[in-house]
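Reviewing the structure listed below.
By convention in this document, chain letters (A, B, ...) are assigned in the order of the sequence lines, proteins followed by strands, and residues within each chain are numbered from 1. Just so it is clear, the structure is predicted and the values come from calculations on it, not from any experiment.
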Amino acid sequence: MALIAEVFVNLPARRLNHSFTYLVPDELGQIGPGWRVLVPFGGRKAEGFVVSVGEADAAADAELKSIMDAIDDGPWFTDQMLAVAAWISEYYLCTPAEAMRLFVPGKAGIKSATVYRATGLAAEEFLTGRPPLAGKVYAAVSAGPRTLAQLTGEFDSGAAAVLRLLVRHGLVAAKATARRTARTQYRTYWRLAVDEAAATSFLANLKGRQAQGRLLAALLADGRLGPEDLKRLKVAATTTKSLEAAGLVAAEREAVVRDSYAGAATGALIPAPTEEQRAVLAALLPAVQAKRFESFLLHGVTGSGKTQVYIEAAAAARAAGRQVVVLVPEIALTGQIVTRFKARFGDDVVVAHSKLSVGERYDAWQRLRSGTAGIVIGARSAVFAPVPDPGLFVIDEEQEFTYKQEESPRYHTREVALKRAALAGAAVVLGSATPAVETYHDACAGRHRLLAMPSRVDGSPLPVVQVVDMREELKAGRRSVISAPLRELLTETVDRREQAILFLNRRGYATFVLCRDCGEVMRCGRCAVSLVYHAAGNVLRCHYCQACQPAPDVCPACGSRYIRYFGTGTQKVEEELAALLPAARVVRMDQDTTGGKMAHDRILSAFAAGRYDILLGTQMVAKGHDIKQVTAVGVISADTSLYLPDFRAAERTFMLLTQAAGRAGRGGAPGRVVVQTYSPEHYAVQAGARHDYAAFYEEELACRRELGYPPFASLVKLTVQGEDEVKARRQAEETAAALRARLPDKTMVVGPFAAPIARISDIYRLHILIKTTDTAAARAAFKALGLEKRSDIAIDVDPVNVM
DNA sequence: AGCACGCCGACT
DNA sequence: GTCGGCGTGCTC
């Protein structure tokens with residue numbers, strides 16, 4: 001009886017949500033669930049994921065094709081990983097292959113391509129009278145095998161049509177190829193294969209073969225030589241080959257680990273845990289040691305020493321022989337966690353981040369797979385690290401929205417980690433100074449055990465926050481974006497040779513540009529947003545499609561010269577600071593100044609080294625790093641995030657204020673914070689100023705209950721997209737109507753309504769929002785309507801924003 | 001995703 | 001009449 005395998009093909013087509021059946025050839029009898037394989041698929045080769053293997057039943061299996069090869073030398077997926085992928089596919093409504101490829105570095109283990117070569121058939125007759133492009137393409141293909149991409153690059157897109165013609169007439173043959181994208185890299189070392197005496201006597205009788213002589217002499221001296229040594233000695237491959245053939249030297253292959261973090265400092269002193277930390281660990285460690293699933297919400301103020309708790313918990317998991325996954329919102333901004341884990345655990349730690357090359361990531365994954373490394377630290381994708389035996393998942397700053405993947409599959413890292421941990425019997429630590437409202441609610445409901453660390457390790461008090469009512473500023477005749485109290489704070493700080501951080505959630509110079517004669521606002525031609533003026537380069541830029549155009553001198557609509565710039569971006573604040581505090585050295589950090597690879601680090605370390613007095617920037621300056629001399633923080637406008645059309649706007653604002661305030665005064669000196677706002681009475685601002693999470697939570701929870709938002713209902717956001725505005729709207733309306741007809745009473749279908757940014761890059765976007773307490777029914781309705789297979793509809797389960 | 005099949009406009 | 005446009009459907 002033949003063996004057959006159920007295989008999901010790793011292609012990004014939404015309709016491919018079922019498995020395909022393949023024969024397992026005898027020579028691949030070892031294949032089982034979790035293996036990655038190469039399969040023939042529609043005339044080409046594709047990567048496939050085996051989910052099950054069994055005996056073929058009596059049905060006609062003559063039609064089945066055979067698996068061609070295995071990609072790895074063992075299963076890539078453990079049963080738990082397969083189960084998590086199945087859950088993701090089910091919960092977030094993506095194809096199983098889409099969910100499974102999350103676990104694969106570089107999305108796919110193979111790269112397939114179709115290459116074209118000339119068949120050798122007489123071509124002259126065919127080519128006469130054809131367009132010259134046909135002759136050129138044929139000549140190129142005759143010269144050597146080419147891919148379609150190469151040909152269209154060499155000529156133009158017309159090459160595709162020509163190529164099809166040539167293939168149809170049998171002049172050119174197409175052949176499917178596949179190669180592995182990443183594999184273990186080896187280095188070859190050479191050593192003597194005979195004893196020293198034999199080598200010495202051979203060397204004495206060499207006669208002229210100088211390269212061989214150099215190699216043997218070096219081997220007698222060093223014992224073992226690597227590729228660089230051979231290069232230095234000018235020994236070519238032919239030399240080693242002939243000596244190997246003569247039985248004098250032997251090669252050793254060693255797997256290379258590509259790791260740009262290798263050799264980071266180790267051996268730092270670990271302070272003894274504080275009383276609070278000990279209490280938390282007393283709750284945490286037994287779960288880790290007992291290898292049981294339990295989740296903890298570690299609610300600790302900024303500076304309470306959460307990282308040390310993570311480290312101790314990780315040590316316990318390692319002592320229990322299990323592996324650890326540490327998740328951080330953004331690796332570039334959380335260097336300190338990496339440094340401290342490296343200091344404690346050395347090379348047992350691998351760091352995964354998006355800047356790793358595919359090869360580096362593959363090697364990191366291999367080290368985890370084989371158990372040579374036990375701890376992985378990374379951003380959200382590291383939750384898919386192929387650790388065979390995870391014992392602990394840490395999610396630092398669990399409230400961060402970056403944990404939600406914003407493209408399909410739209411998973412939430414926290415939920416994936418909880419799922420993996422539940423299957424593995426592992427502990428989960430969710431760490432935060434300002435937990436997400438849902439998480440805190442879950443903890444209160446007993447889903448997570450709540451652990452609190454309310455005081456700072458160094459005993460320093462939380463900073464004093466002054467809320468400045470910008471309406472009063474205006475009444476007093478002050479129109480600057482920097483209020484009198486903030487100006488005073490900055491002046492004092494700089495005079496005392498201390499440092500300040502200024503936060504503004506808007507880059508660029510002016511947020512919109514308006515003609516005062518006709519009221520025309522400069523807008524992006526492809527997106528429904530206004531253009532932002534950037535003083536650098538004197539250009540207008542679209543922050544959605546990145547399009548850029550020179551700033552006009554006269555209004556393009558009416559020709560008027562009265563063009564005014566409104567709104568405030570980081571560039572404008574930078575300019576105002578220069579006028580207000582000419583002595584202060586200001587450095588700006590936003591997307592525009594951090595383009596380069598290590599630009600973040602460069603700016604931050606220059607600031608930390610005291611080469612600047614004021615760090616001015618967007619979101620990214622509010623996070624993670626702690627710089628000792630910073631005693632003052634200014635929030636230019638708390639309102640930008642407060643009045644976004646989103647039910648999480650208040651939460652976003654509160655988080656921001658708390659984080660920003662957390663930057664001030666961590667080195668012992670008391671910190672001072674100024675928050676500017678037009679809504680000083682808003683509870684998010686008030687609670688943020690008092691560092692009062694409980695007050696914010698109670699108020700916010702009441703609002704959510706009132707409006708039926710999470711955690712009191714689940715949300716699903718559908719985005720209907722299309723180039724044709726009318727068609728897209730009709731599709732959206734039909735979909736909403738179909739859902740209303742089908743969904744139970746516990747469900748509310750809102751919309752369709754135009755997305756807050758109704759058009760991006762010429763694609764119209766409409767939203768439909770589903771609020772439900774019966775997610776299973778909602779999911780069933782989506783499936784019955786086939787929404788998950790539609791390419792014009794994006795489904796976002798548990799969206800982090802509804803914009 | 002690719003690639004084939006299939007049914008309508010502009011050229012020899 | 002052919003070539004070629006890209007809409008629809010399929011890939012074990």
Donor-acceptor pairs under 3.5 angstrom involving side-chain atoms of residues 764-772 of chain A: please list them, not counting sequence neighbours.
residue: A/Arg765; atom: NH1; partner: A/Ile757; partner atom: O; Å: 2.5
residue: A/His767; atom: ND1; partner: A/Thr719; partner atom: OG1; Å: 3.2
residue: A/His767; atom: NE2; partner: A/Met803; partner atom: O; Å: 3.2
residue: A/Lys771; atom: NZ; partner: A/Leu707; partner atom: O; Å: 2.8
residue: A/Thr772; atom: OG1; partner: A/Thr747; partner atom: OG1; Å: 2.9
residue: A/Thr772; atom: OG1; partner: A/Asp774; partner atom: N; Å: 2.9
residue: A/Thr772; atom: OG1; partner: A/Asp774; partner atom: O; Å: 3.3

Check the pair A/Val716, A/Asp796 against side-chain contact (heavy atoms from CB on, under 4.5 Å), reporting the backbone distance first and the verdict last. CA-CA 6 Å; A/Val716 182; A/Asp796 190 351; 6.0 Å; no

In this structure, are over 12 heavy atoms from other groups packed under 6.0 Å from A/Lys717 atom NZ? yes

Separation of B/dG2 atom P from A/Leu11 atom CG, nearest Å, is 7 Å

Counting any heavy atom closer than 4.0 Å, what does A/Tyr22 reach on the DNA or RNA strands: base, sugar-phosphate only, or nothing? sugar-phosphate

Among pairs that include at least one residue of residues 73-99 of chain A, which meet salt bridge (Lys or Arg N to Asp or Glu O under 4.0 Å), considering only residues two or more places apart or in two chains? A/Glu90-A/Lys783

Starting from P on C/dC10, measure out to NZ on A/Lys789 and report it in whole angstrom. 12 Å

In whole angstrom, what separates A/Arg15's CZ from B/dG2's P? 15 Å

Atom CZ of A/Arg14 and atom P of C/dT11: how far apart are they, to the nearest Å? 21 Å

To the nearest Å, how far apart are A/Phe41 CZ and B/dA1 C1'? 9 Å

Take atom CZ of A/Phe20 and atom C1' of C/dC10, then tell me their distance rounded to the nearest Å. 8 Å

Length of the line joining A/Glu98:CD and B/dA1:P, which is rounded to integer Å: 10 Å

d(CG, A/Asn17; P, C/dG9) in whole Å: 15 Å

